[in-house]
Amino acid sequence: MKIKLKIWRQINAESKGKLVDYSLDNVEEDMSFLEMLDLLNEELILKGERPVEFDHDCREGICGTCGLFINGRAHGPLAGTSTCQLHMRSFKDGETIYIEPFRGGAFNVIRDLKIDRSSFDRIMSKGGYISTPVGDAPEANAVPITHDQAESAFDSAACIGCGACVATCKNGSAALFTSAKITHLAKLPQGKVESRARVLKMVEQMDEEGFGHCTNTLACQVECPQEISVSNIDRMNWEYNKAKILGKGD
Amino acid sequence: MIQQELREQLLDAKIPEGPLAEKWSRYKATCRLVSFNNKKKLDIIVIGTGLAGSAAAASFAEAGYNVKSFCFQDSARRAHSVAAQGGVNSAKNYQNDGDNIYRMFYDTLKGGDFRAREANVYRLAECSANLIDQAVAQGVPFAREYGGYLSNRSFGGVQVRRTFYARGQTGQQLLLGSYSALMRQVEAKKVKLYTKHEMLELVTINGKARGIIVRNLDTGKIERHGAHAVVLATGGFGKIYYLSTLAMGCNGSAIWRAHKKGAFMACPSWTQIHPTSLPQSGSHQSKLTLMSESLRNDGRIWVPKKKNEDRNPNDIPEEERDYYLERKYPAFGNLAPRDISSRAAKEMIDAGHGVGPMKNAVYLDFKTAIAEYGEDTIKERYGNLFRMYEKITGINAYKQPMKISPAAHFSMGGLWVDYELGTTIPGLYSLGECNFSDHGANRLGANSLLQACVDGYFIIPYTIGNYLADDIKTGPIDTSQPEFEEAEQHVIKNLEKLTKIDGDRTTDYFHKKLGKILWDNCAVSRSEKGLLKAIEDIKQLREEFWQRLKVPGTPQEINSELEKAGRVADYLELGELMCYDALTRNESCGAHFREEYQTEDGEAMRNDEDYNFISCWQYNGFDQEPILHKESLHFEEAKVITRNYKK
Ligand SMILES: Cc1cc2nc3c(=O)[nH]c(=O)nc-3n(C[C@H](O)[C@H](O)[C@H](O)COP(=O)(O)OP(=O)(O)OC[C@H]3O[C@@H](n4cnc5c(N)ncnc54)[C@H](O)[C@@H]3O)c2cc1C
Ligand code: FES
């Protein structure tokens, strides 16, 4: 198949970028979206042009590195699918595809489609953990956790930290990302102990980074490749209010 | 042709005295310690934030050392440990099905075809229970029974249920656990984390590892970092085959550069080829996606009896299908171990029975299981995998058999380490998949997440103290020393060289070619003839690489192509060593199948008389033949037998 591309090119964070036109004539349906970009880059390199920089690593939808805004949607047209799992059979012969980086909130473009998401790590470092010492730990079966509890905690823990939620939110909010971790840990008995201190610190960091506020548009849930539910945000708000009203102690 | 010598003094495995079951506790009771106050005076560099690296960095920091942690991804949480699906083993015996440390030790040793060090393997099994406790304390949401207790499944090559899992994302959840422990220490300012930094050189001073040279991948800036000890936890190098289940950035560069500085490589050709990956669909393909081994519990593997069959699989009648695993290995059938299943698939494909557009796959069919249990049950068991399969291939596997194919997956080989996980360079340690330690010639499923975690959480925190106890008076390592200057200049020159060739071929061109040479000659099966040819071909390809490579841009900026080129330059050397390694082992064991050494019915023929050793390779200069050393293996407790999965 033949396709036309309009790709965001930007040399660094300070410079202004723009969409540049390319076309590819020998795209196959079975190619992944990123393999299509590989093909373009091969051509650019051999022509002596600068290839398109983009983020990617595992190419199987789990590391959360990839993330492109494709035709106006984070990770492209398919639900529950990250960019690296998207294939060209989802596009039509002759179609023009717009490719832009994830923008919004505290995300910055580093070059072309590569972005800086280090704000996510800083939010995590404020409390996205259980303060258990490494080395010796109590017997794993000492505290039973029901099947449903574990599965529900897993639903929140499945976040891959790609940032599609931020990129898709008109407010540039990181509420889905932050709430998924807060909820994962709050749902487990081991994590409950610190949940009040955790929610206050993580939310504070989220605001400090410059992410916007959540106004319940639910757009994040629609684009999340792991289909993380917005109910995590409700849980975060509940935990936050509880911590505010009752204090860290109680 | 290859120089072989035995320099035992260089290869002291440092196995503690005493009975197998007591070695590790004796070691811990008698090793030297660094007091809490003195740990503040000691710096440790950890390369890699996968399970092994993040576990080690968090443990060091908590103990009181100053830690610098490095990875090439933009977040520590993205290391390729994240991709592990199936599970992690532990001899908890929660199922009360007769599991214990000894059984797990023996299964692992036997699975590895008796080509691993007894004492190490025993310790792996011994520490396995502790890991599950640790992970649960961190909040890893392992699967649970309705009563609230942890659930288990079984994996290939064993008869007990000892695999713990978190849906099909066990690696992700374990990694998020160790990542969280790491980030907690970052917040406590005991770890300084450098993401998007790639290690390009090891710095040794007076024979000891004292630092590294790294490149900041966002700016191209070259940096020096000094420390009292350097720990490499840089993962597997299966990406050398180009097509593999590894991530695009996985590399052998850190260990290869350490190798060139004097660290020995052990059995680098021992690569696990996973039997159930998705097949290559065209020349554009960049990676192969793994389909979990668990599918083999209900899927039946077959090929058409007729060669070059074109009919739709559903139109091929039962009597024209060859369920070759069930036929050849009746006792284990579709659940035969990975090395055996991969080899059998390759045999069928090579004999012209392969299916799919490239004739490079075999069928994995759920028809029988769906007829027996109903589609809903199969959906409940494997729904997510069937969805993933449809996403990638566009095919509905409830209606048509899946097409699967063997793919390069796991590096059993790596840097040689002693019992303390120390390499042949004092102060340089190697953990996780990048070392050669516990898996011998074939790794059992769900044992490598375990090994990475155990190395990082439970072993290295003790053994590094035994070394650093001598360094409390050394003071900070000064990075203005000439050794740092020299290493930095070497790195800069090398990067310049890559960008200045300005030829007419891209890095991927060379990587794909190298991958093909290795896949054809040094993967599922190997032969003397093929390996000799491969060595020549790789030499030639390397020459072409340095003449015709084209890397756009400069080293002083973001440059993904330059990153790739550096990795492929190392692969072009490592690949040759792999061929030497396979060539000098005139036996078949585990994943190393030499066509010349097989039984009458085509099974691997091990030779314990002559090859009961680990091949340890010393670097001998660019384009020079490497030097082989041997670490003999001694089995004191385990009975060495021939693996048999037929009966
Ligand atoms: C698809 C897949 C499925 C798997 N499933 C299972 C399973 O179910 N059970 C099981 O037990 N095992 C499984 N494995 C194997 C297991 O996941 C790995 O062996 C293990 O996770 C390796 O961990 P590690 O910490 O050694 O390396 P990794 O997690 O690969 O981490 C390597 C780290 O090193 C860094 N690094 C590498 N080179 C450099 C450099 N030059 N400079 C700076 N940093 C560098 C990387 O950034 C990364 O942080 C699977 C593997 C794959 C590929
Ligand atoms: S590259 Fe890892 S999720 Fe897409």
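Just so it is clear, the values below take in all heavy atoms, side chains as well, and ignore hydrogens, waters and symmetry mates. Just so we're on the same page: letters track the sequence lines, and every chain starts at 1.
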Q) Is the closest side-chain donor-acceptor distance between B:Lys564 and B:Thr507 under 3.5 Å? A) no
Q: Let me know if B:His80 has heavy atoms under 4.5 Å from chain A in its side chain, its backbone, both or neither.
A: side chain
Q: Please look at B:Gln185 and chain A and tell me whether the side chain, the backbone, both or neither of the residue comes under 4.5 angstrom of a heavy atom of that chain.
A: neither
Q. For A:Glu151, is it the side chain, the backbone, both or neither that has a heavy atom under 4.5 Å from a heavy atom of chain B?
A. both
Q. Looking just at side-chain N and O atoms, do B:Asp508 and B:Thr506 make a donor-acceptor pair shorter than 3.5 Å?
A. no
Q) So, does B:Ser128 use its side chain to make a donor-acceptor pair with the main chain of B:Ala91 at under 3.5 Å? A) yes
Q: May I ask you to name which of A:Gly61, A:Ala150, A:Gly128, A:Gly135 has the most heavy-atom pairs under 4.5 Å with chain B?
A: A:Gly135
Q. In terms of heavy-atom pairs under 4.5 Å, which option from A:Gln190, A:Glu35, A:Lys187 contacts chain B the most?
A. A:Glu35
Q | B:Thr393 portion near chain A, given a 4.5 angstrom heavy-atom threshold | A | backbone
Q) Is the backbone of A:Met1 close enough, under 3.5 Å, to the side chain of A:Asp93 for a donor and an acceptor to pair up by distance? A) no
Q. With chain B, which of A:Leu185, A:Ile62, A:Ile130 has the greatest number of heavy-atom pairs at distances under 4.5 Å?
A. A:Ile62
Q | Expected output: side-chain B:His274 to main-chain B:Ser244 donor-acceptor under 3.5 Å | A | no
Q. Under a 4.5 Å heavy-atom cut-off, does chain A meet the side chain of B:Arg387, its backbone, both or neither?
A. neither
Q. Taking the side chain as C-beta and beyond, is there a heavy-atom pair between B:Lys92 and A:Asn141 under 4.5 Å?
A. no
Q: For the residue pair A:Met36 and A:Leu24, establish whether any side-chain heavy-atom pair is separated by less than 4.5 Å.
A: yes
(Q) For the interface with chain A, which of B:His284, B:Lys550, B:Met388 has the highest count of heavy-atom pairs at distances below 4.5 Å? (A) B:His284
Q) chain B heavy atoms under 4.5 Å from A:Ala158: which part of the residue, side chain, backbone, both or neither? A) both
Q) A:Ile160 versus chain B, heavy atoms under 4.5 Å apart: side chain, backbone, both or neither? A) both
Q) Is it the backbone or the side chain of B:Gln173 that comes under 4.5 Å from a heavy atom of chain A, or both, or neither? A) side chain
Q | Winner by heavy-atom pair count (cut-off under 4.5 Å) against chain B, out of A:Leu39, A:Thr81, A:Asp55 | A | A:Thr81
(Q) Heavy-atom cut-off 4.5 Å, strictly under: side chain, backbone, both or neither for B:Phe72 against chain A? (A) side chain
Q | B:Leu176, part contacting chain A, at a heavy-atom distance under 4.5 Å | A | side chain
Q: Kindly say whether the aromatic ring centers of A:Phe120 and A:Phe177 come within a distance under 6.0 Å.
A: yes
Q: Pick whichever of B:Val186, B:Leu193, B:Asn130 has the most heavy-atom pairs under 4.5 Å with chain A.
A: B:Asn130
Q) chain A heavy atoms under 4.5 Å from B:Ala76: which part of the residue, side chain, backbone, both or neither? A) backbone
**Q.** chain A contact via B:Thr245 - side chain, backbone, both or neither, heavy atoms under 4.5 Å
**A.** backbone
Q: Check each atom of B:Phe458 against the heavy atoms of chain A and say whether the ones under 4.5 Å are side chain, backbone, both or neither.
A: side chain
Q.
Given 3.5 Å as the limit, does a donor-acceptor pair link the side chain of B:His511 with the main chain of B:Arg567, or not?
A. no
Q: Specify which of B:Glu62, B:Glu145, B:Arg167 makes the most heavy-atom pairs with chain A at under 4.5 Å.
A: B:Arg167
Q) Do the side-chain N and O atoms of A:Arg59 and B:Ser286 include a donor-acceptor pair separated by under 3.5 angstrom? A) yes
Q | A:Glu60 (side chain) donor-acceptor with B:Leu290 (main chain) under 3.5 angstrom | A | no
